[in-house]
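Before any comments, here is the structure.
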Protein chains: 2
Amino acid sequence: MKTHTESEENYIKALYHLGGEQPVSNGDLAQRIGAKGSSVTQAVKRLGQKDLVNVVPYKGVQLTPQGIRLAKSILRKHRLWETFLVDKLGFGWDEVHPLAEQLEHIQSEELVDRMFQFLGSPKHDPHGDPIPERDGQMPPVLGQPIGAFTAGVEIRIVRVEDAGSEFFDQLDTMNINLGNTYKIRAISAFDSSVELGSSTGSFWLSQSMCANIYAIQS
Amino acid sequence: MKTHTESEENYIKALYHLGGEQPVSNGDLAQRIGAKGSSVTQAVKRLGQKDLVNVVPYKGVQLTPQGIRLAKSILRKHRLWETFLVDKLGFGWDEVHPLAEQLEHIQSEELVDRMFQFLGSPKHDPHGDPIPERDGQMPPVLGQPIGAFTAGVEIRIVRVEDAGSEFFDQLDTMNINLGNTYKIRAISAFDSSVELGSSTGSFWLSQSMCANIYAIQS
DNA sequence: AATAATTTTTAGCTTTGCCTAAAATAAAAA
DNA sequence: TTTTTATTTTAGGCAAAGCTAAAAATTATT
């Protein structure tokens, strides 16, 4: 696998995030990258020449199998670094994203492999997102939104969406962490908010909080 | 402290390595960086505009106090990363340099501080080189070349120069590591080679090996 | 001191990656 | 089906960083 510029890798990442294997519009990509449409047009042309994407002018851009492989390898690095930063260095899960965005561009298969071992071959990162395997396989995406359960069920938080720093702050102040278990006490028929109970008491979670918190029955 | 490009940081690093606080010639810098003189002329002009260096055309380039501060902060990161790679991930000390050269450009004070703690506040890296402190202070440069001792003395290896991969290979095959202790058995009057003795036997070290291995009496 | 050799700088060109403004195309509305 | 609106592409610029080749300055040699 050749070596790519940081900018190229960022485009690949954005493409994977927005469309996965599906085509993505110039505009969406521009917004995600934070550049103007004209810059994006050029950039994807370059990526096309390296066979990382297929471009259909005025229609959209789509990752090639090669592009997908690269995207996953970047995602693997990103999530391994996040795991390292949280598990080993004690960063908060809300702080690690920008740092991982720098670290994910470090080029060294060996480093990735050793880091993976060092972290105990993790399957999921600190947000519960699956860490792609060496060969591109994806571990399962865990859980369903809290609102999807029924009252009375015991649940365990296994994943949270990256819904911005205010969301993470709120999790923090409510002391909600991956691995926590609760009982679903009630679900409001009025606004879909949910009452969670634990040994220390119970509290209500708004519908929009619930939509970004994923759990499994347990 | 503003943010700099990788190229800029590489120039600063090279400048510090070649001249420390002293001026450096365009040619030497070009050779170190691996670029043509004309490129260097331009580059240092840019650095001058950022007050990282003072340039006297046709005479030489010299780091400003700001430049020195930056150089040390990069060196700190480089050596901390090397320590991490060797101590935590199990890389060989001969392999870590190129990787640290990528990692040293990661921008985050917080990361550096946490890494420093995580590693147990090390004063020296895996080669025994001093790791600059947060505030720019330098721990002592340890040891003197093995040839500088006299026969009969007990020594401990505390530092090795980065004299290329063949040198490291040789250390490896001779099983010489930082922390090893030996007795100086003899010093050849003919070729300045040195006979070292340990519990497992004794062996001779060429003068050029000795020149790159530093020890303290102990 | 004058010439030769070396080093450094200037001038001009290339690529990446971004920008603005204008032209072209596609999608939506009348 | 035209016309209007929105999206995308082209054209032309700019900065960083590298290059080559030629000019200028410095250093070394006769």
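A quick note: this is a predicted structure, and the numbers were derived from the prediction, not measured. Every chain is numbered from 1, with letters handed out A, B, ... down the list of sequences. Worth knowing before you read on, the calculation uses all heavy atoms, side chains too, and leaves out hydrogens, waters and symmetry mates.
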Open item on the list: Would you compute the distance between atom CD1 of B/Ile74 and atom CZ of B/Arg79 and round it to the nearest 0.5 angstrom?
Closed with: 12.5 Å
TODO: Looking at every strand, decide which applies to B/Ser39 at a 4.0 Å heavy-atom threshold: base, sugar-phosphate, or nothing.
DONE: base
Open item on the list: Students often get this wrong, so: under 4.0 angstrom with heavy atoms, is A/Gly27 touching a base, only sugar-phosphate, or nothing?
Closed with: sugar-phosphate
- [ ] Name the residue closer to the 5' end of DNA chain C, choosing between B/Gly60 and A/Pro57 according to the nucleotide with the nearest heavy atom.
- [x] B/Gly60
Open item on the list: Please report the distance, rounded to the nearest Å, between NZ in A/Lys59 and C1' in C/dA24.
Closed with: 14 Å
Task: Phosphate contact (C/dC18 OP1 or OP2) by A/Tyr11 side-chain N/O below 4.0 Å - done: yes
Open item on the list: Both B/Lys36 and B/Lys50 contact DNA chain D. Taking the nearest nucleotide for each, which residue is further toward the 5' end?
Closed with: B/Lys50
Open item on the list: With rounding to the nearest 0.5 angstrom, report the CD to NE2 distance, B/Glu6 to B/His105.
Closed with: 4.5 Å
- [ ] Return yes if some donor-acceptor pair links the side-chain N/O of A/Arg32 with the main-chain N/O of A/Ala14 below 3.5 Å, else return no.
- [x] no
Task: Atom-pair distance (NZ on B/Lys45; C1' on C/dA11), nearest Å - done: 11 Å
Task: A/Arg156, CZ atom: more than 12 neighbouring heavy atoms under 6.0 Å - done: no
TODO: Could you check how far NE2 of A/His4 sits from C1' of C/dT15, rounded to whole Å?
DONE: 17 Å
Open item on the list: Whole angstroms only, please: what is the CD-P distance between B/Gln42 and C/dC13?
Closed with: 14 Å
Task: Atom pair CD (B/Glu166) and CG (B/Asp172), whose distance is rounded to the nearest 0.5 Å - done: 13.0 Å
Open item on the list: I'd like the 5' and 3' limits of the part of DNA chain D contacted by chain A, with heavy-atom contacts below 4.0 Å.
Closed with: D/dT8 to D/dT10
TODO: Could you tell me how the ring of A/Phe168 sits relative to the ring of A/Trp93: parallel (under 30°), tilted (30 to 60°) or perpendicular (over 60°)?
DONE: tilted
Open item on the list: It should be established whether A/Ser7 places a side-chain nitrogen or oxygen under 4.0 Å from OP1 or OP2 of nucleotide C/dC18.
Closed with: yes
TODO: Using whole Å, report how far CG of A/Asn26 lies from P of C/dT25.
DONE: 16 Å
Task: Greater than 12 external heavy atoms within 6.0 Å of B/Gln31's CD - done: no
